[in-house]
Amino acid sequence: MKKLLLLLLVVSAYSCKTAQSTAPKDNSDPTKYVNAISEKDLKKMLYKIASDEMEGRETGSPGQKKAGLYMIEQYKKSGVSFPKGASDYYQHIPAAFLNARRNENLADSENIWAFIEGSEKPDEILVISAHYDHVGIKNGEVYNGADDDGSGTVAVIEMAKAFAKAKKQGHGPKRSILFLHVTGEEHGLHGSRFYSENPLFPIANTIADINIDMIGRRDVEHSKTNNYVYVIGADRLSSDLHNAVVAQNEKYIKMDLDFKFNAPKDPNHFYERSDHYNFAKHGIPSIFFFNGVHEDYHGKDDTPEKIEYDALTKRTKLAFVLAWDLANRENRPVVDKK
């Protein structure tokens, strides 16, 4: 009788544990994990990635490759591996592809990717992208590219760290997330074009792209505050994506969202000028976070000490809460516009 009672208790305990492990996780509130995004860590990484040591991160250059190794080191420290189906953190891009449209004598280069698998809908992929190349050395001076796009690069790494912490604590994203650092942006969006034409995961399974390109400074139009970010492209294909960023900002971040450059007739054509565009061309809902052009854009003085780290942190948190929502919501963003 005692043996039977013990067996029943063991079976009951196992059943309860199994039920708990298979029950859907409550990922409704990202507050704990958005607060894991650290201004100190963003600053530390950016001072490294935008240092003279990286020689301006020209596409395919030794400096860019050195920056890539540092980025991979950060992913390993956070316990974020390369994607399923890949053999390492690199998507190799041959020079022939990079030089096909206009020969600039670029060397072989690579996109860098990291991955967190979804717990409930692993085959649906959210891409979070930023380019990690810049313009290299000109006339003997290093063009560090701290804002363009060192700021986006470290934001993506820091977001991955926060998602990894959530997963370790049983609140990993329900959809998979691909953290994608693309090369060749400065020469014509080559890295994102290569991925979109040679995706590791089917484009049809890609639910959205969150692209981060220059989020560490302010422009002249916002000279009195850095509590803003330009939002570009969210409503071009999906009203869901637009509504999501507005709602998540209002609920958690409370930053001024500036849609000026989202106008279809924007003379700057920023919508077509960063890496989200190569996803949008394939019908993927895409959003571009941007602080606008400043006096050091593509200049030798785009250096880490000029970054406004409070703004960089707050904008990274905005991208994170949007990613959290997209990765955990019941349905993927609807494509209801053309």
Side-chain angles (χ1 to χ4, degrees), residues 16-42 75 77-80 114-130 152 154-179 206-212 215 227-229 231 234-235 238-257 285-287 289 309-334:
C16 289
K17 185 176 180 181
T18 302
Q20 289 174 359
S21 63
T22 57
K25 299 293 183 183
D26 180 8
N27 283 358
S28 58
D29 187 358
T31 302
K32 179 178 181 181
Y33 303 108
V34 74
N35 288 334
I37 290 172
S38 162
E39 179 176 331
K40 179 181 177 181
D41 289 348
L42 287 165
Y75 280 114
K77 284 181 180 179
S78 298
V80 182
F115 185 72
I116 293 179
E117 186 172 24
S119 59
E120 295 181 18
K121 300 180 179 183
D123 293 333
E124 294 189 9
I125 312 295
L126 170 64
V127 175
I128 304 175
S129 62
V154 299
V156 173
I157 297 171
E158 189 70 3
M159 290 168 66
K161 183 184 78 173
F163 274 110
K165 179 179 180 180
K167 185 166 186 175
K168 288 175 185 176
Q169 297 182 356
H171 292 281
K174 296 180 181 181
R175 292 180 175 85
S176 296
I177 303 178
L178 179 68
F179 304 93
T206 303
I207 69 156
D209 173 48
I210 299 173
N211 185 51
I212 308 172
I215 58 166
N227 188 45
Y228 78 96
V229 69
V231 178
D235 67 350
S238 174
S239 56
D240 276 352
L241 182 56
H242 172 82
N243 293 338
V245 68
V246 171
Q248 296 305 305
N249 177 64
E250 179 60 30
K251 189 171 184 179
Y252 297 108
I253 309 299
K254 302 190 184 305
M255 178 177 286
D256 292 333
L257 303 183
S286 301
I287 184 171
F289 290 118
Y309 289 94
D310 58 338
L312 171 57
T313 304
K314 197 167 187 180
R315 292 163 182 159
T316 302
K317 288 182 175 183
L318 174 60
F320 179 84
V321 295
L322 175 61
W324 184 278
D325 175 71
L326 296 176
N328 289 298
R329 60 169 47 205
E330 182 177 353
N331 298 311
R332 60 189 289 173
V334 63

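Computed from a prediction, not measured in an experiment: that's the story for all the values here.
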Across all chains, not counting sequence neighbours, the salt bridge (charged side-chain N to carboxylate O under 4.0 Å, His left out) partners of Lys161 are Asp41, Glu158
Rounded to the nearest 0.5 Å, how far apart are OG of Ser286 and CG of Leu241? 7.5 Å
At what distance, to the nearest 0.5 angstrom, does CD1 of Ile125 lie from OG1 of Thr206? 6.5 Å
Less than 4.5 Å apart, side chain to side chain, heavy atoms only: is that true for Ile128 and Leu178? no
Partner residues of Ala166 under the side chain to side chain contact (heavy atoms under 4.5 Å, CB included) criterion, sequence neighbours left out: Tyr33, His171, Trp324
Do Ser78 side-chain atoms and Val80 backbone N/O form a donor-acceptor pair below 3.5 Å? no
Between Thr316 and Ala155 (side chain of the first, backbone of the second, donor and acceptor by atom type, cut-off under 3.5 Å), is there such a pair? no
Within the 4.5 Å heavy-atom criterion, are Asp240 and Pro285 side-chain neighbours or not? no
Checking Lys77 now: which residues fulfil salt bridge (charged side-chain N to carboxylate O under 4.0 Å, His left out) with it, not counting sequence neighbours? Glu73
I want to check something: taking the side chain as every heavy atom from C-beta on, are Ile287 and Asn211 in contact at a cut-off of under 4.5 Å? no
Quick test of your reading: applying salt bridge (charged side-chain N to carboxylate O under 4.0 Å, His left out), list the pairs with at least one residue in residues 27-40, sequence neighbours left out, ordered by first then second residue. none
Contacts of Phe179 meeting ring-ring contact (aromatic ring centres under 6.0 Å, His included) (sequence neighbours excluded), chain-then-number -> none
Checking Asn249 now: which residues fulfil side chain to side chain donor-acceptor pair (under 3.5 Å) with it, not counting sequence neighbours? none
Apply side chain to side chain contact (heavy atoms under 4.5 Å, CB included) to the pair Phe163 and Ile177, showing each step before the final yes or no. CA-CA 9 Å; Phe163 274 110; Ile177 303 178; 3.7 Å; yes
Separation between OG (Ser176) and CG (Leu126), nearest 0.5 Å, reads 9.5 Å
Check whether any side-chain N or O of Asn27 sits under 3.5 Å from a backbone N or O of Asn328 as a donor-acceptor pair, and report yes or no. no
Do Ile207 and Pro333 have side chains that get closer than 4.5 Å, going by heavy atoms? yes
Under the ring-ring contact (aromatic ring centres under 6.0 Å, His included) test, which residues partner His242, sequence neighbours left out? Phe259
Pairwise distance CG(Leu257) to CD(Gln248) - rounded to 0.5 angstrom: 11.5 Å
Any donor and acceptor pair, going by atom type alone, linking the side chain of Asn35 with main-chain N or O of Thr31 inside 3.5 Å? yes
Specify the closest pair of heavy atoms between Val156 and Ala130, including all atoms of both residues, with the distance to one decimal. CG2-CB, 3.8 Å
What's the separation between atom CD1 in Ile215 and atom CG in Leu312, rounded to the nearest 0.5 Å? 5.0 Å
Taking side chain as C-beta onward, heavy atoms only, is Phe320 less than 4.5 Å from Ile37? yes
List in chain and number order the residues that pass side chain to side chain donor-acceptor pair (under 3.5 Å) with Glu124, two or more places apart in sequence or in another chain; answer none if no residue qualifies. Arg175
Measure from the side-chain N and O atoms of Lys168 to the backbone N and O of Gly79, and report whether any donor-acceptor pair falls under 3.5 Å. no
Answer whether the closest heavy-atom distance between the side chains of Ile212 and Met159 falls below 4.5 Å. yes
Side-chain contact test, heavy atoms from C-beta onward, threshold under 4.5 Å: evaluate it for Phe289 versus Val231 and give yes or no. yes
Could you tell me if the side chain of Leu326 sits less than 4.5 Å from the side chain of Arg329, heavy atoms only? yes
Results of ring-ring contact (aromatic ring centres under 6.0 Å, His included) for Tyr228 - residues two or more places apart only: His222, Tyr230
In chain order, what residues pass the side chain to side chain donor-acceptor pair (under 3.5 Å) check against Ser38, with sequence neighbours excluded? none
Asp235: salt bridge (charged side-chain N to carboxylate O under 4.0 Å, His left out) partners, not counting sequence neighbours: none
For Glu117, give me all partners under side chain to side chain donor-acceptor pair (under 3.5 Å), at least two apart in sequence or on another chain. Lys84
Least distance between heavy atoms, Ile116 atom then Ala160 atom: CD1-O, 3.9 Å
